[in-house]
Amino acid sequence: MKVPLLDLKPQYHSLKKELDEAVLKVSESQYFIMGPELARMEREMEQFLGCKHAIGVSSGTDALLLALMAIDIQPDDEVIMPTFSFFATAGVVARLNAKPVLVDCDPLTFNIDVNQIEKNITSKTKAIMPVHLFGQSADMQPIMDLAKKHNLIVIEDGAQAISAVYKDGKPVGTIGHIGCYSFFPSKNLGCFGDGGLVVTNDDDLAEKLIIKRVHGAKPKYYHKVLGGNFRLDTLQAAVISVKLPHLNSWSDARRRNAELYTKLFIDAKLSEVPGKTQFDQNNMVLLPKAIYKPDEVSESMRNYHIFNQYVIRVEKRDELREFLTKNEIATEIYYPVPFHQQECFNYLSYKNGDFPVSEEVAGTCLAVPIYPELSDEQIHFVVDKISEFINQNK
Ligand SMILES: *Cc1c(COP(=O)(O)O)cnc(C)c1O
């Protein structure tokens, strides 16, 4: 049985008529840059996320870059972020000649360890950039408290987490000062190419984001400030408008798949419960945990994990991955190298061993297929094969 990591075709076919119509309509109009579809999608996003301003941009990376430009990040300003994330989080800060200041991750959620932020705050710190990795909210309350205490700006990297909800019931991206999302095709809400979104509840920041999206021009050809080309294509906005009403049902399907994986790993005696962080003979596969599930906290407190990825940890990760590949099960390593061990960040002078949790996670993590249209049989097959490998290699 073949199990791809992600297959976008079933989703496309389920909405083919509406998507094709939307694309054709843009072709007929020959209006390609921003266009009326963009404004429509932005208003729909404001409704959906419950925020004041949603601004479509060219990619998730550009969303982060634009956010940093809007808060006027200067060379040598420091931005605190987790060392374990997709490259873009640190890349955008370094491109502006500001300094990524790295923090280890929490072994339970893989998100920034909030207990290690404050000791990294200096007089140069300008912002904190939490990442909602794999579709689960970072622990935002302590981050917002620290930001308030030290007068810092919070830019949320929600590229993998649009529609994920923090335990206080707020969608991620709308908690900090600016939230950033990606419409890259492999995210939960993907367009037909590159795209992204920036959101804020602050009118002044929104104005800056909108002007800097078009080279800092206001009016056209008059530039008081610097910006860039961070525009979203009309076509991409039209595609997002068609897909948005289906996002919650896709996330629910991903959550169901995650629950089935968790149950099957426990039934196969590969793990005791989700959320263990140490390997032992009862926990040969460490399972991801959606913390603050409704039954664990009061009803008003919830955490809605949208499982952009279901990431397990295993000790013989590379051998397991090879075994699964031979059995036509695709997997991916998100992410094999934390920022502090990336060559391009040698100049930051971090050492191996500086962030032991992230290093351990990077060496053992494996994302298994989780996309909404995956069948139960495919999930059973994945767990059976992992079980076979682990029982052979005890
Ligand atoms: C995907 C991703 C980005 C970048 O988004 P693009 O649209 O690919 O530019 C940034 N941060 C994280 C955590 C991501 O997963």
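Below, each value reflects all heavy atoms present in this structure, side chains not excepted, and no hydrogens, waters or symmetry copies. When a ligand or atom number is given, it counts from 1 through the structure's own listing order.
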Novice: Using the salt bridge (charged side-chain N to carboxylate O under 4.0 Å, His left out) rule, collect all pairs that involve residues 208-220, keeping only residues at least two apart or in two chains.
Specialist: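 Found E42-R213, E207-K218.
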Novice: Among pairs that include at least one residue of residues 184-205, which meet salt bridge (charged side-chain N to carboxylate O under 4.0 Å, His left out), considering only residues two or more places apart or in two chains?
Specialist: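 Those involving residues 184-205 are K52-D203.
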Novice: For a quick test of reading the model, state the closest non-hydrogen atom pair linking P100 to A90 and the distance between them.
Specialist: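 Nearest pair, atom of P100 first, then A90: CG-O, 4.0 Å.
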Novice: Going by ring pair (Phe, Tyr, Trp, His ring centres under 6.0 Å), name the residues that satisfy it together with F339, two or more places apart in sequence or in a different chain.
Specialist: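 Listed in chain order: nothing, the list is empty.
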Novice: Test F110 against F134 for ring-ring contact (aromatic ring centres under 6.0 Å, His included), laying out the working first.
Specialist: CA-CA 9 Å; F110 310 129; F134 305 143; 5.6 Å; yes
Novice: Are there any N/O pairs under 3.5 Å between ligand 1 and the protein, and if so, what are their distances?
Specialist:
{"from": "ligand 1", "atom 1": "5 (O)", "to": "S182", "atom 2": "OG", "distance (Å)": "3.4"}
{"from": "ligand 1", "atom 1": "7 (O)", "to": "G60", "atom 2": "N", "distance (Å)": "2.8"}
{"from": "ligand 1", "atom 1": "7 (O)", "to": "S182", "atom 2": "OG", "distance (Å)": "2.6"}
{"from": "ligand 1", "atom 1": "9 (O)", "to": "G60", "atom 2": "N", "distance (Å)": "3.4"}
{"from": "ligand 1", "atom 1": "9 (O)", "to": "T61", "atom 2": "N", "distance (Å)": "2.8"}
{"from": "ligand 1", "atom 1": "9 (O)", "to": "T61", "atom 2": "OG1", "distance (Å)": "2.5"}
{"from": "ligand 1", "atom 1": "11 (N)", "to": "D157", "atom 2": "OD1", "distance (Å)": "3.3"}
{"from": "ligand 1", "atom 1": "11 (N)", "to": "D157", "atom 2": "OD2", "distance (Å)": "2.8"}
{"from": "ligand 1", "atom 1": "15 (O)", "to": "Q160", "atom 2": "NE2", "distance (Å)": "2.7"}
{"from": "ligand 1", "atom 1": "15 (O)", "to": "K187", "atom 2": "NZ", "distance (Å)": "2.7"}

Novice: Run F355 and Y350 through ring-ring contact (aromatic ring centres under 6.0 Å, His included) and show every step you take.
Specialist: CA-CA 9 Å; F355 304 108; Y350 289 106; 5.4 Å; yes
